2 protein chains.
Amino acid sequence: MSVRSDVLRVLADPLRAQIVELLAHESLCTCHLVEETGASQTNVSNHLRLLRQAGLVSAEPAGRYTYYRLNADVLKDLAAELSGLADIADERADTRRPCS
Amino acid sequence: MSVRSDVLRVLADPLRAQIVELLAHESLCTCHLVEETGASQTNVSNHLRLLRQAGLVSAEPAGRYTYYRLNADVLKDLAAELSGLADIADERADTRRPCS
DNA sequence: GTGATCTATCATCATCGCGTGATGTCAGTG
DNA sequence: CACTGACATCACGCGATGATGATAGATCAC
């Protein structure tokens, strides 16, 4: 029941977060992401690799293009974990362990 | 409507994530967190500083002890943002922008 | 075939962040 | 008062990570 810190770490980068937001609205190929973010092609490709390895996005080759789509499930699982922690904290907001 | 990447970045560290999980169940002082995590006092204190700056936890001085409690609201906001992105992705799962 | 385009990988460099040790501060105790 | 304990802050070394340039592969147009 520990937090998926690997997904968190991947999401923590600003450029990767931007890519995830863009992919949430529509599937895009690398060239689109390069245009939208203003980052270099190499940089975008490197970050896409990390996003792929974390399972956050899926690559769909189409000819010489590669379309990427967001895996919403991973995002939902993470949101559920965080929300669950917040709920636990709400229930036991007053609990305080005494110091020895 | 951009993702709170500052909170994400703070949560991405394993030790900080562990601290957040511990604080979700009860308020603890620094000495407790040092015991539970096995990390050094300096290290815990440094991470608590970042958690404080991000608004994730609040410090409550009590004599020479300092109790920390989790701010569940920040966690809920983040969970809502991530969940919202996932919902958008679900709605437009088929949308694919053509390459020029 | 040649050339152009899109993308991924590799190697390198610069920067950032974590962990540690030393030091300082404040509260309680004798 | 001096002394101890609980935390915080500062400064530094080092490993991790992001950005860049060069290169390679793969596909399409001609």
Side-chain angles (χ1 to χ4, degrees), chain A residues 3 5-23 26-70 96-100, chain B residues 3-20 22-23 26-70 96-100:
Chain A
V3 166
S5 57
D6 53 340
V7 178
L8 274 173
R9 184 160 22 85
V10 172
L11 273 177
D13 182 83
L15 181 53
R16 286 195 292 264
Q18 186 182 2
I19 291 175
V20 167
E21 289 183 39
L22 290 169
L23 291 180
E26 53 182 338
S27 287
L28 298 170
C29 66
T30 309
C31 60
H32 288 145
L33 292 171
V34 169
E35 286 179 9
E36 297 280 349
T37 62
S40 70
Q41 181 268 324
T42 301
N43 199 8
V44 171
S45 189
N46 277 329
H47 285 293
L48 283 173
R49 182 170 176 267
L50 296 178
L51 288 168
R52 242 182 300 142
Q53 291 176 344
L56 269 168
V57 306
S58 299
E60 301 172 348
R64 57 177 168 175
Y65 302 101
T66 304
Y67 277 89
Y68 283 91
R69 67 171 179 81
L70 182 64
R96 170 182 288 195
R97 186 194 300 186
C99 271
S100 54
Chain B
V3 167
R4 291 282 305 277
S5 56
D6 53 340
V7 179
L8 274 174
R9 185 159 21 85
V10 172
L11 273 178
D13 182 82
L15 181 52
R16 286 196 291 265
Q18 187 181 359
I19 291 176
V20 166
L22 290 170
L23 291 180
E26 52 182 339
S27 288
L28 297 170
C29 67
T30 309
C31 60
H32 289 143
L33 292 171
V34 169
E35 286 179 11
E36 297 280 348
T37 62
S40 70
Q41 182 267 322
T42 301
N43 198 9
V44 170
S45 190
N46 276 329
H47 285 292
L48 282 173
R49 182 170 177 268
L50 295 177
L51 288 168
R52 242 183 299 143
Q53 290 175 345
L56 269 169
V57 305
S58 298
E60 301 174 347
R64 55 178 168 175
Y65 301 102
T66 304
Y67 278 89
Y68 283 90
R69 68 172 178 80
L70 182 64
R96 170 182 288 195
R97 186 194 302 186
C99 271
S100 53

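Note that the structure is a prediction, hence the values are computed from the model and not measured. Below, chain A is the first sequence line, B the second, and so on; all start at residue 1.
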Hey, which sits more toward the 5' end of DNA chain D by its nearest nucleotide, A:S40 or A:A62?
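Result: A:S40.
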I need the [atom1]-[atom2] distance between [X] and [N], as an integer number of Å.
| X | N | atom1 | atom2 | answer |
| --- | --- | --- | --- | --- |
| A:R49 | C:dA11 | CZ | C1' | 13 Å |
| A:L28 | C:dC6 | CG | P | 15 Å |
| B:L51 | C:dC18 | CG | P | 10 Å |
| A:R9 | D:dG18 | CZ | C1' | 14 Å |
| A:L48 | C:dT9 | CG | P | 10 Å |
| B:L50 | D:dA8 | CG | P | 12 Å |
| A:E60 | C:dA8 | CD | P | 13 Å |
| B:Y67 | D:dA6 | OH | C1' | 12 Å |

Could you give the distance from OG (B:S45) to CZ (B:R52), rounded to the nearest 0.5 Å?
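B:S45 atom OG to B:R52 atom CZ measures 6.5 Å (nearest 0.5 Å).
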Gap separating the CG atom of A:L50 from the CG atom of A:L11, nearest 0.5 angstrom:
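Nearest 0.5 Å value for the CG-CG distance: 11.5 Å.
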Side chain of [X] - closest among [options]:
| X | options | answer |
| --- | --- | --- |
| B:D13 | C:dC18, C:dT5, D:dT20 | C:dC18 |
| B:S45 | D:dC7, C:dT7, C:dG28 | D:dC7 |
| A:R64 | C:dT7, D:dT20, D:dT27 | D:dT27 |

Taking donor-acceptor contacts at under 3.5 Å, does the side chain of B:Q41 reach the base of D:dA6?
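In this structure, the two groups form no donor-acceptor pair.
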At under 4.0 Å, does any side-chain N or O of [X] touch on OP1 or OP2 of [N]?
| X | N | result |
| --- | --- | --- |
| A:H47 | D:dA19 | yes |
| A:R16 | D:dG18 | yes |
| A:T30 | C:dA8 | yes |
| B:Y68 | D:dA8 | yes |

Verify, without hydrogens or angle tests, whether B:R16 (side chain) and B:H47 (backbone) share a donor-acceptor contact under 3.5 angstrom.
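Absent.
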Set out, in order, the CA-CA distance, both residues' side-chain angles and the distance that settles salt bridge (Lys or Arg N to Asp or Glu O under 4.0 Å) for A:R97 and B:E36, then state yes or no.
CA-CA 13 Å; A:R97 186 194 300 186; B:E36 297 280 348; 3.1 Å; yes
Checking all strands, does [X] fall into the base, sugar-phosphate, or nothing category for heavy-atom contacts under 4.0 angstrom?
| X | value |
| --- | --- |
| A:T42 | base |
| A:C99 | nothing |
| A:N46 | base |

Ignoring hydrogens, what is the shortest heavy-atom contact between B:A59 and B:T66? Give both atom names and the distance.
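Taking B:A59 first and B:T66 second, the nearest heavy atoms are CB-CG2, 3.9 Å.
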